[in-house]
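Index from 1, following the sequence. From a predicted model like this one, the values you see are computed outputs, not experimental measurements.
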Amino acid sequence: MAELHEDRQRALSFGAIAADYDRLRPRYSEVTLDAIATGRSALDVGAGTGILARQLRDRGLDVLAVEPDGAMAALARASGVPAEVATFEEWDDRGRTFDLITFGQSFHWVDADRAIPRFLELLNPGGRVVLLWNKLRPTSPPNDDLRAASSDYVNVEAAGAGTPHDQMFRMAALRRTFEDAGFAVTEREDDWTETQPKERWLDLVFTYSSHSTLPDDRRSALRAALAAVIGDRDVELAAGTTALIATR
């Protein structure tokens, strides 16, 4: 995770595609959010355009967003979510505390060694930190066929690229890190299936920084290679929200 949080150019690349990001990125499982949306106040870190923050707000929480990209934060504010522009490491909490701290697809953009000790200062007694990821693994066409089409294609996955074993290893390491800091940790995954039109799914692929930051010629070649594999079909997906829940 350290490698990504140090790449600030990539971390701040989303503003250029903020509208597409807000329109296309999947929402988090309603079942998952019903389970984790406890307490009255929430801090959503790396909030992007406010997708997760709005879902928490709809469940009655008073949500503050922290987002380092000004263009992303502006869209969050436009949707009614208060948003402060800063990295989590440099953000001034002004003594505020919260019942819930969330990271939706964003924990890899922070320095975990600095963030986790700070959670203990920001959380009210019994409060939770919840890390959330969405996965969208194509099943038709098979994801392996898409991967074979281009070395630039990275899985749109819950815990990043790599095999399921790689992802399990990263989750286990995260769990140990939180437990070492004194948190009780549980995990859950809530799955569903969905079908997306070909062009919409291709647009979605390019809201992930591994694809959106490619040079223009490689982006065009990647889109063409994926489109050729899909052909005239829609894209069928095995989707899900993964949550790591750390309770103080």
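Contact check for His211 versus Val154: side-chain heavy atoms found under the 4.5 Å cut-off. Using a 4.5 Å heavy-atom threshold, the side chains of Arg25 and Leu52 count as separate. Side-chain contact between Pro82 and Arg77 is absent, with no heavy-atom pair separated by less than 4.5 Å. Counting heavy atoms from C-beta on, the side chains of Val205 and Leu226 come closer than 4.5 Å. Contact of the Leu174 side chain with the Phe107 side chain is registered, since non-hydrogen atoms from C-beta on lie closer than 4.5 Å. Residues Pro138 and Glu236 fail the side-chain proximity criterion, which asks for heavy atoms closer than 4.5 Å. The shortest distance between side-chain heavy atoms of Leu244 and Phe178 falls below 4.5 Å. Taking the side chain as every heavy atom from C-beta outward, Tyr21 and Leu204 never approach each other to under 4.5 Å.
Of the inter-residue distances, the one linking Ser41 atom OG with Leu61 atom CG reads 7.5 Å to the nearest 0.5 angstrom. Taking CZ of Arg188 as the start and OG1 of Thr242 as the end, the distance is 11.0 Å to the nearest 0.5 Å. Within the model, atoms CG of Leu43 and CG of Asp62 stand 11.0 Å from one another, a figure rounded to the nearest 0.5 Å. If you take CE on Met171 and CH2 on Trp133, they are separated by 4.5 Å, rounding to the nearest 0.5 Å.
Across every non-hydrogen atom of Gly46 and Glu67, the tightest pair is C-OE1, 3.4 Å. Between Asp113 and Pro117, the shortest heavy-atom distance links the atoms O-CD, 3.2 Å. For Ala83 against Ala76, the heavy-atom pair with the smallest separation is CB-CB, 4.3 Å. Shown here for Ala149 and Ala225, the closest heavy-atom pair between the two residues is O-CB, 3.8 Å. The nearest pair of heavy atoms linking Thr49 to Ala18 is CG2-O, 3.7 Å.
Looking at residues two or more places apart in sequence or on another chain, you find a side chain to side chain contact (heavy atoms under 4.5 Å, CB included) between Ala238 and Thr139. Under the rule for a side chain to side chain donor-acceptor pair (under 3.5 Å), Arg27 has no partner lying at least two apart in sequence or in another chain. Scored by the side chain to side chain donor-acceptor pair (under 3.5 Å) test, Glu30 finds Arg59 as partners (sequence neighbours excluded). The side chain to side chain contact (heavy atoms under 4.5 Å, CB included) test applied to Thr241 returns Tyr28, Ser29, Thr32, Leu132, Asn134, Trp192, not counting sequence neighbours. Asp145 is linked by a side chain to side chain contact (heavy atoms under 4.5 Å, CB included) to Pro142, Val229, counting only residues two or more places apart in sequence or in another chain. Every residue was checked against the side chain to side chain donor-acceptor pair (under 3.5 Å) condition with Asp232, not counting sequence neighbours, and none meets it. Partners of Ser150 according to the side chain to side chain donor-acceptor pair (under 3.5 Å) rule, which considers only residues two or more places apart in sequence or in another chain, do not exist here. By the side chain to side chain contact (heavy atoms under 4.5 Å, CB included) test, Glu90 pairs with Thr87, Arg114, sequence neighbours left out.
At a threshold of 4.0 Å, the pair Glu89-Arg118 does not count as salt-bridged, since none of the basic side-chain nitrogens sits closer than that to a carboxylate oxygen. A salt bridge links Arg96 to Glu84: at least one charged side-chain nitrogen sits closer than 4.0 Å to a carboxylate oxygen.
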Would Leu202 and Ile230 satisfy side-chain contact (heavy atoms from CB on, under 4.5 Å), going step by step from the backbone distance to the final call? CA-CA 10 Å; Leu202 288 170; Ile230 299 167; 4.1 Å; yes

Leu123 and Thr97: CA distance, side-chain angles, deciding distance, side-chain contact (heavy atoms from CB on, under 4.5 Å) verdict: CA-CA 6 Å; Leu123 281 174; Thr97 58; over 6 Å; no

Show your working on side-chain hydrogen bond (donor to acceptor under 3.5 Å, both in side chains) between Tyr153 and Asn143 and close with a plain yes or no. CA-CA 10 Å; Tyr153 173 66; Asn143 196 55; 2.8 Å; yes

For side-chain contact (heavy atoms from CB on, under 4.5 Å), just list the numbers for Glu187 and Arg175, CA-CA rounded to whole Å, side-chain angles, deciding distance to a tenth of an Å, and then say yes or no. CA-CA 9 Å; Glu187 299 171 31; Arg175 181 175 187 135; 3.3 Å; yes

Test side-chain hydrogen bond (donor to acceptor under 3.5 Å, both in side chains) on Thr195 and Asp234 and set out the steps. CA-CA 7 Å; Thr195 300; Asp234 292 335; over 6 Å; no

Checking side-chain contact (heavy atoms from CB on, under 4.5 Å) for the pair Thr102/Val129: CA distance, chi angles, key distance, verdict? CA-CA 6 Å; Thr102 56; Val129 179; over 6 Å; no

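A continuous path of Ile, Leu, Val, Met, Phe, Trp and Tyr side chains, each step under 4.5 Å between heavy atoms, connects Val185 with Leu122, placing both in one hydrophobic cluster. When the side chains of ILVMFWY residues are joined at heavy-atom separations under 4.5 Å, either directly or via intervening members, Phe103 and Val85 end up in two distinct hydrophobic clusters. Val81 and Leu56 are members of different hydrophobic clusters when ILVMFWY side chains are connected at heavy-atom separations under 4.5 Å. Residue Leu136 is grouped with residue Val235 when hydrophobic side chains (ILVMFWY) are merged at heavy-atom distances under 4.5 angstrom, including chains of intermediate members. One hydrophobic cluster holds both Val66 and Ile116 under the rule that ILVMFWY side chains link at heavy-atom gaps under 4.5 Å.
The distance between the ring centers of Phe119 and Phe88 falls below 6.0 angstrom.
Applying the salt bridge (Lys or Arg N to Asp or Glu O under 4.0 Å) test to pairs two or more places apart or on separate chains, those with a residue in residues 199-208 are Glu199-Arg223, Asp203-Arg223. Note on residues 97-110: no pairs pass salt bridge (Lys or Arg N to Asp or Glu O under 4.0 Å), not counting sequence neighbours. Within the structure, salt bridge (Lys or Arg N to Asp or Glu O under 4.0 Å) pairs that include any residue of residues 36-58 comprise Asp22-Arg54 (at least two apart or interchain).
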With a 3.5 Å cut-off and sequence neighbours excluded, list the donor-acceptor pairs that the side chains of residues 214-221 form with protein atoms.
from	atom 1	to	atom 2	distance (Å)
Asp216	OD1	Arg219	NH1	3.4
Asp216	OD1	Arg219	NH2	2.5
Arg218	NE	Asp152	OD2	3.1
Arg218	NH2	Asp152	OD1	2.6
Arg219	NH1	Ser212	O	3.4
Arg219	NH1	Leu214	O	2.6
Ser220	OG	Asp216	O	3.1

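Taking the ring axis of Phe98 as reference, the NZ or CZ atom of Arg128 does not stay both within 45° of it and closer than 6.0 Å to the ring centre.
Remark: side-chain polar atoms of Asn124 are not paired, donor with acceptor, to backbone N or O of Gly127 under 3.5 angstrom.
Looking only at atom types and distance, the side chain of Asp20 has no donor-acceptor partner in the side chain of Thr207 under 3.5 Å away.
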